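Working notes, beginning with the structure itself.
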There are 2 protein chains.
Amino acid sequence: MARATTSTRPPGRPRSGVDATVFAATLNAVHELGYAHATVDRIAAAAGVAKTTIYRRWPSKGALITACLVDAFGPAPLTGASREEIMSTAIRWIAAKIGEPGIGAAFAGVFTDAVNDSALRQILSTQLQDPYRLALEEALDEPENRVLFFIDVVVGTLLHRMGMTGEPMVDADVDALVEMVLRALP
Amino acid sequence: MARATTSTRPPGRPRSGVDATVFAATLNAVHELGYAHATVDRIAAAAGVAKTTIYRRWPSKGALITACLVDAFGPAPLTGASREEIMSTAIRWIAAKIGEPGIGAAFAGVFTDAVNDSALRQILSTQLQDPYRLALEEALDEPENRVLFFIDVVVGTLLHRMGMTGEPMVDADVDALVEMVLRALP
DNA sequence: GGATTACGCTACTTAAGGTATCGATACTAG
DNA sequence: CTAGTATCGATACCTTAAGTAGCGTAATCC
């Protein structure tokens, strides 16, 4: 998510493309070292910025990773002629995203970090989960608890395979996941 | 899993019921404080033992939590007249287990810890995952990749709901999960 | 009673998240 | 071109927590 470029920019030193550089370094570090070993010191060094610069922009490591994910995911493609097609497209889209280097591990790590960090849970909800959940509720015309169930099944399965076990999710498994969920969609 | 009580016990100070006490204190701490804040110092204090005693018995915090889970889960009830009944019983059993206080958070936490800790991943595989996977392959007469898919779906969904989001899994959701998986079982 | 083994205690090392301070730098406004 | 402003880099520091070392002590078997 690019920082808003206000036409009337306040004075002071520039922030130019630092966000993008830090995001790239973050995903790279998480991919190579895992969530725990991807320390803020390493990320800062890899991005060529000072650690203090990172903590000036994001309040915690978890918030940095979350912003990184929001930037990487972008808007969901909830398109399709039927509910089945919308669901199928959405599942394949998120499967591809979680399969990208670092995304799965970052996702799983930030979730675990958030379990007992209410501030981080707040950021995760408002910036990552709620937008997709609400968009899905509208696109599928399903109640909240049904959409939450489907999200838990899809995201949980993908994260357990790719973010935790570390194993890849082959195409056949994605196909099986899509078919299983579609059959549960009345 | 209780320590084997060999008839010919070596001399030295007793180990009596320390394992069980530590396990209870561990699950309690994880339940109340979460995986990260459930420090070994707190667990040791709650169990009434010294921290060094814990590290004499388990090589790391992750290994302690894993042993704790192995002890808590025990053998899986893979009984039933049909493959559907076996699968249904197994899903409801693991859903109930992961819903117990501390189990879900411990499970999710140790998985995330294991992502870049090969020693811990080894312990997890041999002591927790492989036994259940192999038993399921035999009970259901399904190939390894199919069983792995079902495990990822069921455990992933439950962990994402209860171990990460922290939300409870109501009976209706468990029913939906069972029905969905059974329909995918040929 | 003696050997053995685990225990409790204290102190320590190391890694990592996060903070404080301050001089330097790069931008905008006039 | 100067002045004001806000960020940056660097260094030093604090705190928590995992894990280790050493040593005296207590409980068990023979």
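Nothing here was measured: the structure is a model prediction, and the numbers come from that model. The sequence lines fix the lettering, A, B, ..., with proteins before strands; numbering per chain opens at 1.
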Choose from [options] the nucleotide whose nearest atom is closest to any side-chain atom of [X].
X       : options               : result
B:Arg57 : D:dA18, C:dC7, D:dC8  : C:dC7
B:Thr53 : D:dG19, C:dG8, D:dG9  : C:dG8
A:Lys61 : C:dG18, D:dT20, D:dG9 : C:dG18

Nearest whole angstrom, please: distance from the [atom2] of [N] to the [atom1] of [X].
X        : N      : atom1 : atom2 : value
A:His37  : C:dG17 : NE2   : P     : 11 Å
B:Arg56  : D:dG19 : CZ    : P     : 16 Å
A:Ile54  : C:dA16 : CD1   : C1'   : 14 Å
B:Asn116 : C:dA15 : CG    : C1'   : 16 Å
A:Arg15  : C:dT28 : CZ    : P     : 13 Å
A:Tyr55  : C:dA16 : OH    : C1'   : 8 Å

Legend entry - Residue among A:Phe111, A:Phe107, A:Phe150 satisfying ring-ring contact (aromatic ring centres under 6.0 Å, His included) with B:His160: A:Phe111

Inset, instruction - Mind telling me whether A:Tyr132 and A:Trp93 have parallel, tilted or perpendicular rings, with 30° and 60° as the class edges? - result: tilted

Inset, instruction - Run the numbers on A:Asp19 and A:Arg57 for salt bridge (charged side-chain N to carboxylate O under 4.0 Å, His left out), then give the verdict. - result: CA-CA 9 Å; A:Asp19 279 27; A:Arg57 288 163 179 248; 2.3 Å; yes

Legend entry - Side chain proximity check, B:Leu185 to B:Glu142, heavy atoms < 4.5 angstrom: yes

Inset, instruction - For residues A:Val22 and A:Thr26, determine if any side-chain heavy atom of one lies less than 4.5 Å from a side-chain heavy atom of the other. - result: yes

Legend entry - Any donor-acceptor N/O pair, B:Lys61 side chain to B:Ala38 backbone, under 3.5 Å: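 Present.
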
Inset, instruction - Tell me which of A:Thr39 and A:Pro59 sits closer to the 5' end of DNA chain C, going by the nucleotide each one is nearest to. - result: A:Thr39

Inset, instruction - Give, ordered by number, those residues of residues 40-52 of chain B having at least one heavy-atom distance below 4.0 Å to an atom of DNA chain D; if nothing qualifies, reply none. - result: B:Val40, B:Lys51, B:Thr52

